[in-house]
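Take a look at the structure set out below.
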Amino acid sequence: MEFNSPMKYLVLIFCVFLLSQPVTYAQKKDFVLVLDAGHGGRDPGAVGRIAKEKDITLSVVRMVGDLVDKNMRDVKVVYTRKTDVFIPLEQRATIANDNHADMFISIHVNAAKSKAAYGAETYTLGLAKTKANLDVAMAENSVILLEDDYKTRYRGFDPNSVDSYIMFEFMMDKYLDNSIYFATYIQNQFTGAAKRYDRGVRQAGFWVLHRSACPSVLIELGFISNYNEELYLASTSGQRELSLAIYNAFVKYKRSYDKKMGRPQSDVKEIEMVSADTVEPVNPGTTTKPAAPVVQESKTEAVVQPQVESGQPVFKLQITASATKLSNNHASLKDLKDLDYYQEGGYYKYTVGAET
């Protein structure tokens, strides 16, 4: 066949067409977002006075998924669960990998022995450098103990043994940079628009993040062991704020991702946050409802700036703050001695004690 043969030109054109197909497909492929509601079914997760972790996480996950479905046409949302069912930890990662996930978000609720602990934090995979981080990872990984033959399935990994977590020290996660970027976006949204206390971006050895072959984060929305924060986490308005914060962080991450990948820039914008004015528990399990939203602004252990009375500074302990005035029989104020309050920055700040 001669070089100037029409047939050869057709063959060359066809070859160029075939070579171009993978690139075209990659450009049109939907971004796959896998949303993982922690716990479920026979595993309630952390349990508070009026709510369970499994219910809060499922509600927030579904809200995030709805926001993405309605506003981001080039994103495919996949859920590890959409109902109250038990899903093994390994299967959650498998769902992400089988769907070729571009991002994996696992949502949880924290708990601590101290009822004073509160605030939101976001984890990426890594070695836990503090006992607090290790405790969180152990608590979330302990769900594997509910599974049959977990020692074989998880290759001898013991969620309650510190030695098992040494493995994460030697891991080089190629998705870590993107995971940290996204985790930072989430925390900025939590502490900015949603006004949550910032516990920062942290690292720990979470099995589900280790097994997910994509950028991944595990979000701890707040502490169910802190009753004031539990009221917020269990409320429809609180869950909407948290889901909107996660959604806005994802919009920002996706915009950056598209730019790096040379994909067409989306015109999807973040949704403006509207602060909740009331707290309405979703499934309170009690007939008592809080009179007003409670927003803690500083750690319970913190001492309020001393006030000067009779020429002498007086120190008081701030226990909570609220956008509206609370009644004396409110759950967070009941039976407290030397209770006082003052107004600052649009909040009623409640204190106990008065010491020079």
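The residues of the chain are indexed from 1 along the displayed sequence. Everything numeric here is computed off the predicted structure, so don't read it as measured data.
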Residues A234 and I50: closest non-hydrogen pair is CB-CD1, 4.1 Å
Membership question, hydrophobic clusters at under 4.5 Å side-chain separation (ILVMFWY): are L125 and V34 in the same one? yes
I105 side chain reached by M103 side chain, heavy atoms, under 4.5 Å: yes
TODO: Answer with yes or no whether the hydrophobic clustering places I271 together with Y185; edges join I, L, V, M, F, W, Y residues whose side-chain heavy atoms lie under 4.5 Å apart.
DONE: yes
Separation between CG (L176) and CD1 (I180), nearest 0.5 Å, reads 4.0 Å
Under a side-chain separation threshold of 4.5 Å, the hydrophobic residues clustered together with I87 are V85
*Heavy-atom check, side chain of I246 versus side chain of F190, under 4.5 Å*: yes
*asked:* Could you check whether R211 pairs with E90 (Lys NZ or Arg NE/NH1/NH2 to Asp/Glu carboxylate O, under 4.0 Å)?
replied: yes
### Query
So, E230 side chain and A51 main chain: donor-acceptor pair closer than 3.5 Å or not?
yes
Sequence neighbours excluded, the answer for salt bridge (charged side-chain N to carboxylate O under 4.0 Å, His left out) partners of D102 is K29
On a heavy-atom basis, the closest approach of A96 and F104 is CB-CD1, 3.7 Å
| query | Just by distance, do the side chain of S212 and the backbone of C214 share a donor-acceptor pair under 3.5 Å? | reply | no
Do T191 side-chain atoms and Q187 backbone N/O form a donor-acceptor pair below 3.5 Å?
yes
Q.
One pair to check against side chain to side chain contact (heavy atoms under 4.5 Å, CB included): V136 and F206. What are the steps and the verdict?
A. CA-CA 9 Å; V136 174; F206 295 94; 3.9 Å; yes
Distance col, row S216:OG vs H210:NE2, nearest 0.5 angstrom, shows 11.0 Å
Sorted by chain and residue number, the salt bridge (charged side-chain N to carboxylate O under 4.0 Å, His left out) partners of E53 (sequence neighbours excluded) come out as none
Exercise for the section: May I ask you to test the L244-M273 pair for a side-chain heavy-atom distance under 4.5 Å? Expected result: yes
The side chain to side chain donor-acceptor pair (under 3.5 Å) partners of D69 (sequence neighbours excluded) come to none
Between Q189 (side chain only) and N248 (backbone N and O only), is there a donor and an acceptor less than 3.5 Å apart? no
In residues 71-79, what donor-acceptor pairs under 3.5 Å come from side-chain atoms, sequence neighbours left out?
| from | atom 1 | to | atom 2 | distance (Å) |
| --- | --- | --- | --- | --- |
| N71 | ND2 | L67 | O | 2.8 |
| D74 | OD2 | K254 | NZ | 2.7 |

Hits for salt bridge (charged side-chain N to carboxylate O under 4.0 Å, His left out) against R81, two or more places apart or cross-chain, chain-then-number order -> none
In short, P215 meets S179 closest at the heavy-atom pair CA-OG, 3.4 Å
Sorted by chain and residue number, the side chain to side chain contact (heavy atoms under 4.5 Å, CB included) partners of K260 (sequence neighbours excluded) come out as N178, Y181, S256
(Q) Whether K115 and E229 form a salt bridge (side-chain N of Lys/Arg under 4.0 Å from carboxylate O of Asp/Glu) is what I want to check. (A) no
| Side chains of L35 and T80 in contact at under 4.5 Å (non-hydrogen atoms) | no
**Item:** Test: K54 and D43 ion pair at under 4.0 Å
**Value:** no
Between K252 and E270 the two heavy atoms that sit nearest each other are CB-OE2, 4.0 Å
(request) Would you confirm whether D198, through its side chain, and G200, through its main-chain N or O, come within 3.5 Å as a donor-acceptor pair? (result) yes
Applying side chain to side chain donor-acceptor pair (under 3.5 Å) to R92 and not counting sequence neighbours gives D36
For this session: For F250 and I186, run side chain to side chain contact (heavy atoms under 4.5 Å, CB included): C-alpha distance rounded to whole Å, both residues' side-chain angles, the deciding distance at 0.1 Å, then the answer.
Result: CA-CA 8 Å; F250 177 66; I186 293 170; over 6 Å; no
Would you say that L221 contacts I56 through its side chain, given a criterion of any heavy-atom pair below 4.5 Å between the two side chains? yes
Do I219 and Y123 touch side chain to side chain, with heavy atoms closer than 4.5 Å? no
Just say parallel, tilted or perpendicular for the rings of Y253 and F182, cut-offs at 30° and 60°. tilted
Value for CG (L231) from CD1 (I224), rounded to nearest 0.5 Å, stands at 10.5 Å
Taken in chain and number order and not counting sequence neighbours, the residues that satisfy side chain to side chain donor-acceptor pair (under 3.5 Å) with Y257 are none
In this structure, CG of L218 is separated from CD of Q203 (nearest 0.5 Å) by 13.0 Å
By side chain to side chain contact (heavy atoms under 4.5 Å, CB included), R240 pairs with (sequence neighbours left out) M63, T236
Item to check | Validation row: I107, L242 side chains within 4.5 angstrom (heavy atoms) | outcome: no
Any sub-3.5 Å donor-acceptor pair from D30's side-chain atoms to V32's backbone N or O? no
- How about F223 and Y118: are their ring centroids closer than 6.0 Å? no
Residue pairs meeting ring pair (Phe, Tyr, Trp, His ring centres under 6.0 Å), one or both in residues 38-63, sequence neighbours left out, come to H39-H108
With hydrophobic residues grouped by side-chain heavy-atom distances under 4.5 Å, do M261 and F31 end up in a single group? yes
- Message: Let's go through E140 and E220 carefully: what are the C-alpha distance in whole Å and the side-chain angles of both, what is the deciding distance for side chain to side chain contact (heavy atoms under 4.5 Å, CB included) to 0.1 Å, and is it a yes or a no?
- Response: CA-CA 10 Å; E140 301 299 356; E220 296 284 0; 2.8 Å; yes
Heavy-atom nearest pair, A194 first then Y232, reads O-OH, 4.4 Å
Residues at least two apart in sequence or cross-chain that pass side chain to side chain donor-acceptor pair (under 3.5 Å) with N188, listed by chain then number, are none
**Request:** Please tell me if the side chains of R202 and T122 come closer than 4.5 Å, counting only heavy atoms from C-beta onward.
**Result:** no
Let me see the working for T351 and Y341 under side chain to side chain contact (heavy atoms under 4.5 Å, CB included), right down to the final yes or no.
CA-CA 6 Å; T351 64; Y341 74 89; over 6 Å; no
Closest heavy-atom pair, S114 versus S225, reported as atoms and distance to 0.1 Å, is O-OG, 4.3 Å
